[in-house]
Amino acid sequence: MVQGAAADAARVRAPVGLGLDSARVRARMVERLRSLGITDGRILAAFAAVERHLFVDSALANQAYEDTSLPIGFGQTISKPSIVGQMLQALLLDRPQDRPHGRWPASSATPAAPAPVLRRVLEIGTGCGYQAALLARLAEHVVSVERVGALAEKARANLAEGMVRNVQVMHGDGRLGAPALAPFDAIVSAAGGDELPAAWLEQLAVGGRLVAPGAELRPGVQELLVVERHPSGVTRRLAGEVYFVPLKSGAE
Ligand code: SAH
């Protein structure tokens, strides 16, 4: 009989209602994401590969592949896959230094994992670590900062269970970025509002891109900001509408 931690792991890996083949459920989620405008093959391949059910409570695992946010404790949520896709696409779209990439095939075959397109990425707001795991497939190294210590711990455990080795989770106030590990060629925040912290812009490499929620346009809708650092300065544009939790100060 399987006992203790092994039994827990077995439950997480084959949650009730998810069936034995979570890859097939994920492929359906990928098709839905594509129909919602997430068309970048590298991003879709990452969504097809990362087991989102490992990042939610086992009681919620049967909802893991629905396009919905779910509670992860501490008043926080795992972001909706389509919103994560929108953020990742804003981060990667039309980057001049991109390596060529294939499109997601029309058949249900799982494409080969593409080579990472980014070198160093900074994520603000790790939560349970799901977006960090996706970023880990698109980048050589991911640094992710979470202000709630217990969530940072949970994310580390989830990422370890998902065999993700190139994410460094840090507990602290993400408004300060990670100065000792800068510069980053991509910065993405899962929390925001109003002004962008100056530290993020300082830690963005020349040629790098920052994607973050900005000011609230109307109740429940924030602008999605894309900021790029060029040799001659910084450009800013809006790339859609999102809604994220506020960027809080300090750590707990
Ligand atoms: N990336 C997560 C989304 C988590 S929700 C996912 O993949 O689903 C946003 C997270 O931002 C929360 O966990 C919240 O605690 C965190 N957060 C808010 N303000 C922060 C700050 N100043 N520094 C770091 N994390 C912060």
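What you find for Phe184 and Val143 is that their closest heavy atoms are CE2-CG2, 3.8 Å. Annotation for Ala199 and Leu176: closest pair CB-O, 3.6 Å, computed over non-hydrogen atoms. Between Cys128 and Ile72 the shortest heavy-atom distance is N-CD1, 3.6 Å. Nearest approach of Pro246 to Ala191, heavy atoms of both residues: O-CB, 3.8 Å. Of all non-hydrogen atoms in Leu60 and Pro71, the two that sit nearest each other are CD1-O, 3.7 Å. Nearest heavy-atom pair, Arg52 versus Ser79, reported as atom, atom and distance to 0.1 Å: NH2-O, 2.9 Å.
Taking the side chain as every heavy atom from C-beta outward, Ile124 and Val188 never approach each other to under 4.5 Å. The shortest distance between side-chain heavy atoms of Leu92 and Ile43 falls below 4.5 Å. Contact of the Arg156 side chain with the Lys154 side chain is not registered, since no non-hydrogen atoms from C-beta on lie closer than 4.5 Å. Annotation: side chain of Met29 is not in contact with side chain of Asp67 (no heavy-atom distance under 4.5 Å). Considering only heavy atoms from C-beta on, Val221 stays 4.5 Å or farther from Glu216 through its side chain. Between Leu33 and Phe47 there is a side-chain heavy-atom pair separated by less than 4.5 Å. Looking at Glu51 and Tyr65, their side chains come closer than 4.5 Å, going by heavy atoms from C-beta outward. Val84 has its side chain out of reach of Lys80: every pair of non-hydrogen atoms, C-beta onward, lies at least 4.5 Å apart.
For the atom pair Leu159 CG and Gln168 CD, the distance stands at 12.0 Å (nearest 0.5 Å). One distance of note links CD1 of Ile78 with CD of Gln76; it measures 12.5 Å at 0.5 Å rounding. Atom OG1 of Thr235 sits about 3.5 Å away from atom NE2 of His230, to the nearest 0.5 Å. Atom CG of Leu88 sits about 9.0 Å away from atom CG of Asp40, to the nearest 0.5 Å. To the nearest 0.5 Å, atoms CD1 (Ile83) and OH (Tyr243) are separated by 12.0 Å. Atoms CD and CZ, from Glu31 and Arg26 in turn, are 13.5 Å apart once rounded to the nearest 0.5 Å.
No donor-acceptor pair closer than 3.5 Å links the side chain of Asp185 to the backbone N or O of Gly208. Proximity of a side-chain donor or acceptor of Trp200 to a complementary backbone N or O of Ser189 within less than 3.5 Å is not detected. For Glu123 (side chain) and Ser144 (main-chain N/O), no donor-acceptor pair under 3.5 Å exists by modelled atom type. A donor-acceptor pair under 3.5 Å is formed between the side chain of Arg120 and the backbone N or O of Leu181. Within the 3.5 Å criterion, the main-chain N or O of His141 finds no donor-acceptor partner in the side chain of Asn166. Glu146 places a side-chain N or O within 3.5 Å of a backbone atom of Val148 that can act as its donor or acceptor partner. Judged by distance alone, with hydrogens and angles left aside, the side-chain atoms of Gln89 form a donor-acceptor pair with the main-chain N or O of Gly37 at under 3.5 Å. In this structure, the side chain of Arg229 engages the main chain of Leu201 through a donor-acceptor pair within 3.5 Å.
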Derivation of the side chain to side chain contact (heavy atoms under 4.5 Å, CB included) call for Val142 and Leu122: CA-CA 6 Å; Val142 180; Leu122 172 66; over 6 Å; no
Steps toward side chain to side chain contact (heavy atoms under 4.5 Å, CB included) verdict (Val227, Val234): CA-CA 7 Å; Val227 179; Val234 162; 3.4 Å; yes
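Grouping the Ile, Leu, Val, Met, Phe, Trp and Tyr side chains by contacts below 4.5 angstrom, directly or via other members, places Val211 with Leu134. A chain of hydrophobic side-chain contacts below 4.5 Å, direct or via other Ile, Leu, Val, Met, Phe, Trp or Tyr residues, connects Phe55 to Val30. Phe244 is connected to Tyr130 through a chain of hydrophobic side-chain contacts under 4.5 Å among Ile, Leu, Val, Met, Phe, Trp and Tyr, so both are in one cluster. Leu138 and Ile38 fall within a single hydrophobic cluster, where Ile, Leu, Val, Met, Phe, Trp and Tyr side chains are chained together by heavy-atom contacts under 4.5 Å. Residue Met170 is grouped with residue Leu204 when hydrophobic side chains (ILVMFWY) are merged at heavy-atom distances under 4.5 angstrom, including chains of intermediate members.
Heavy-atom neighbours of Arg24 CZ from other residues, nucleotides or ligands within 6.0 Å: at or below the threshold of 12.
Ion pairing between a basic and an acidic side chain is recognised when a charged N comes within 4.0 Å of a carboxylate O; Glu228 and Arg209 show such pairing. A salt bridge links Glu252 to Arg147: at least one charged side-chain nitrogen sits closer than 4.0 Å to a carboxylate oxygen. Note on Glu241 versus Arg218: salt bridge recorded, some NZ/NE/NH1/NH2 to OD/OE distance being below 4.0 Å.
Leu225 pairs in a side chain to side chain contact (heavy atoms under 4.5 Å, CB included) with only one of the listed residues (Leu196, Val242, Leu210), which is Leu196.
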